[in-house]
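Numbers restart at 1 for each chain; the letters A, B, ... are given by sequence-line order, proteins then strands.
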There are 2 protein chains.
Amino acid sequence: MTRAAERSSELDLSNLLRRARVAARALPRAPRSAALRAVADALEADAEVILAANAEDVAAERARGTAAPLVDRLALSPARLSGIAAAVRQVAALPDPLHRVLAGWRLENGLQVQKVTVPFGVIGMIYESRPNVTVDAAALALKAGSAAVLRGSANALRSNRALVAAVRRALAGAGLPEDAVQLIDSPDRALVTQLLAARGQVDLVIPRGGASLIGHVVETAKVPVLETGVGNCHVFVDASADLEMAERIVLNAKVQRPGVCNAAETLLVHEAVAKAFVPQTLAALAAAGVELRGCERTRALFPAARAASEIDWATEYLDLKLAVRVVASLEEALEHINRYGTGHSEAIVTRSRDAARRFEEEVDAAAVFVNASTRFTDGFEFGFGAEIGISTQKLHARGPMGLAEMVTYKYLLEGDGQVRT
Amino acid sequence: MTRAAERSSELDLSNLLRRARVAARALPRAPRSAALRAVADALEADAEVILAANAEDVAAERARGTAAPLVDRLALSPARLSGIAAAVRQVAALPDPLHRVLAGWRLENGLQVQKVTVPFGVIGMIYESRPNVTVDAAALALKAGSAAVLRGSANALRSNRALVAAVRRALAGAGLPEDAVQLIDSPDRALVTQLLAARGQVDLVIPRGGASLIGHVVETAKVPVLETGVGNCHVFVDASADLEMAERIVLNAKVQRPGVCNAAETLLVHEAVAKAFVPQTLAALAAAGVELRGCERTRALFPAARAASEIDWATEYLDLKLAVRVVASLEEALEHINRYGTGHSEAIVTRSRDAARRFEEEVDAAAVFVNASTRFTDGFEFGFGAEIGISTQKLHARGPMGLAEMVTYKYLLEGDGQVRT
């Protein structure tokens, strides 16, 4: 088949998904880790082609007048491509998440039960600009024994084509079905709707990107979805906090990497320590380039802060901005967090055992920190060795999702003629 | 508030869900098991009122000309009500699924990580006629620390009102918030749509009922859903099967209780044993009242079978009907099952270790049986002590769902000032 014919036939999504299903069947018994090492090699071997394709995407984006930081998210360099290949080798080196016996027991009638991890089958990934996600998602899906159906953004289409071509060639060379990784090679938005409605053909869809992308996927999907990423995270400085520690944690949670989901967006301060804590810490934050929005009591202590509105409490800035509120009690902090939080990561700084316990019990979030920065909610920091995203839903997985969260299980029951009476 | 005013205010679903959320917050630390014992007592104390309300539902249904078996599903009796109360006491006696440390470890920086079970929060249940589901679902949700929002069928509304009134009175008496169990007390279908769209207000919806109810919920929901129940289950009699065992298993899987999701709907027979197996076993099935639909090769061996069509392979009869097909190989059986199966329960009868292993690996279903009846896919048979349903999806839980599957988890991370570098 010519390349053009191949590309046009891929626009038949139903056919693409059928081929993904067939490919997926072979994966649990295939040499997936060896194939991933071949993928890493192929990415390096194809560097020239991949970087040239990416340069076209970047040039088109610049011509469109896109802001420099957004263009940067799209851009690959020899160093970034090496980093992508290295990440694939890391995934290859991780233990196999399949074929693990999670539990096993025998029924009184002699039936032996085993609960064993198995792949989802076909995993759809819908994501935005960064072309590294293309390879990352494909590698994790493959390691977890599932076929990956990838839908990147239109502005990265040339880069993604070049990356996926390298991946598929490597798979074929390693004896794996190349249809285990497929790109939805069209900017047509109707294909996303079709993917999200393909019950029985797609076992799971994982969106990765901003709040509007994720919201759209969750609202539209008729297939199972893992909601990831939106983090309106808080740090609460309790009445009994070690204020030096609190300042260190707040600065880290806000400033170390403001554009990520586990960065803090609102600081809550107990009124008992507001006077001692707010002026100094907000000055330090301002010195670090943070724009501050405060409640009235905050502004009385630090007049340089702008007035915070209802919108500020609800906003994930993903930027050097922080909302600050003085609260009268732990209860008020809990109420604020459970009202405005997105169930991602929440921290308390306290010396009180009781306050720590109440915060841990009553905050409804994937990760609850006592005396540590929210920035630790991360699959690598947790020691998972990989991360496909951070779940903010409660079904299936919560918090950082590594390979263990990218598989499902089946029950195997072995008997010698048992029937039910 | 008068009863009428209370009822009309309950039609404001958003308000109902807000009250459920508030009630849910108190549950993890509340005496849930004691409250459930009080619920069981209240159901017995209110027996007269409950049975009278149920009699009205039953009379209305009879007047509508509904078939007797369907009316029977709706009917309560003193014995059935005692059974419902006994089931609640059993749930009360089960171990608490909350506050369990699923895993724990320490990061190199000293941060102590714990993965601890916590409630979902608000669980919606959408189900059909049987009023026992009302109490069963409420009891399991409460035990799992979640508030239950119940939507039964319109023809059981009077029964459900009486049951929920008893449950709520018992909760209040035991010091639990009565809004932890609420009935959507209106037959208005728009409320179901609203419930399924209430992102952030409902953490999980579990539909229980027939394929069309479940399909509607899964297609419509914007909130997380656990798909349950549809079981187009197969028994495959392999070339090396012990044919006496095979006949016993097939008869059990089809006849012992044909109306349930783990009953067999299609029998697949390897051609090597078709002649020895089909005539005798189909005669035994026919003698047990089973209507048989066969492929051509089946009908050549057992002419009394009607011709099976494509529709038969895809149908969950839930009745004394069985489709029968002779296949040329294990591969053909696997292909048939993975094409027509619903991922519920699948069985092979074989003496071959290789055939058993291939079947276990390649059949994509929640429960895969070797030499046993499909009828064992059941939370009680598995030893879970309870069952809210049988999941046929791969996200979160697969197969029988007990209390362990009705909770989620959070990560607790305790440090002494750790920040990320």
Side-chain angles (χ1 to χ4, degrees), chain A residues 25 28-29 105 107 111 113 118 120-121 199 203-204 218-219 222 224-226 242 245 248-249 251-253 256-257 338 356 360-362 364-373 375-377 381-383 393-396 398-400 408-421, chain B residues 25 28-29 105 107 111 113 118 120-121 199 203-204 218-219 222 224-226 242 245 248-249 251-253 256-257 338 356 360-362 364-373 375-377 381-383 393-396 398-400 408-421:
Chain A
R25 294 232 163 90
R29 287 170 305 283
W105 65 95
L107 306 185
L111 211 48
V113 186
V118 297
F120 272 101
R199 280 183 65 199
D203 299 293
L204 175 63
V218 174
E219 295 268 346
K222 299 183 194 311
V225 167
L226 256 167
D242 172 334
M245 182 195 287
R248 215 161 56 232
I249 288 173
L251 272 157
N252 185 260
Q256 198 242 354
R257 203 171 162 203
N338 284 331
E360 288 184 335
E361 282 214 354
E362 296 186 31
D364 187 14
V368 182
F369 293 86
V370 176
N371 295 338
S373 168
R375 290 276 295 110
F376 288 106
T377 305
E381 293 292 326
F382 273 42
Q393 72 180 38
K394 296 178 185 173
L395 200 67
H396 187 71
R398 216 174 176 198
T408 179
Y409 58 82
K410 65 165 78 154
Y411 288 102
L412 302 179
L413 298 102
E414 302 198 350
D416 43 18
Q418 279 81 353
V419 296
R420 198 157 155 193
T421 45
Chain B
R25 294 234 163 89
R29 287 169 305 283
W105 65 94
L107 306 186
L111 211 48
V113 186
V118 297
F120 272 101
R199 281 183 64 201
D203 300 293
L204 175 63
V218 174
E219 296 268 345
K222 299 184 195 310
V225 166
L226 258 168
D242 172 335
M245 180 195 289
R248 213 159 59 231
I249 288 173
L251 273 156
N252 184 259
Q256 198 243 353
R257 203 171 162 205
N338 284 330
E360 288 184 334
E361 283 215 352
E362 297 186 31
D364 187 14
V368 182
F369 292 85
V370 176
N371 296 337
S373 168
R375 291 275 296 110
F376 288 106
T377 303
E381 293 292 327
F382 273 43
Q393 70 179 38
K394 296 178 185 174
L395 200 68
H396 186 73
R398 215 174 176 196
T408 179
Y409 57 82
K410 65 165 76 153
Y411 288 102
L412 303 179
L413 297 103
E414 302 198 349
D416 42 19
Q418 279 81 355
V419 296
R420 197 158 156 194
T421 47

So which part of [X] gets closer than 4.5 Å to some heavy atom of chain B, the side chain, the backbone, both or neither?
X: A/Ala356; result: neither
X: A/Gln256; result: side chain
X: A/Leu412; result: both
X: A/Arg25; result: side chain
X: A/Thr377; result: neither
X: A/Ile249; result: both
X: A/Ala366; result: backbone

Looking at chain B, which one of A/Trp105, A/Phe120, A/Phe376 has the largest number of heavy-atom pairs inside 4.5 Å, strictly under?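 Most heavy-atom pairs within the cutoff with chain B belong to A/Phe376.
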Given the options A/Asp203, A/Val419, A/Val370, which has more heavy-atom pairs under 4.5 Å with chain B than any of the others?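 Sorted descending by pairs with chain B, the first entry is A/Val419.
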Is it the side chain or the backbone of B/Arg257 that comes within 4.5 Å of chain A heavy atoms, both, or neither?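 Neither part, no heavy atoms under 4.5 Å.
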With sequence neighbours excluded, residues passing side-chain contact (heavy atoms from CB on, under 4.5 Å) with A/Val118: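 side-chain contact (heavy atoms from CB on, under 4.5 Å) check on A/Val118 returns A/Thr408, A/Lys410, B/Arg398.
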Count the heavy-atom pairs under 4.5 Å between each of [options] and chain A, then report the option with the highest count.
options: B/Lys222, B/Lys394, B/Met245; answer: B/Lys394
options: B/Asp364, B/Leu111, B/Asp242; answer: B/Leu111
options: B/Glu362, B/Arg199, B/Gln393, B/Arg248; answer: B/Arg199
options: B/Leu413, B/Asp416, B/Asn371; answer: B/Leu413
options: B/Pro224, B/Gly121, B/Ala372, B/Ala253; answer: B/Ala372

Where the side chain of A/Arg375 meets the backbone of B/Arg420, is there a donor-acceptor pair that is under 3.5 Å apart?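 Here the side-chain-to-backbone pair does not exist.
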Rounded distance [0.5 Å steps], CG in A/Leu395 versus CG in B/Leu395: 5.0 Å
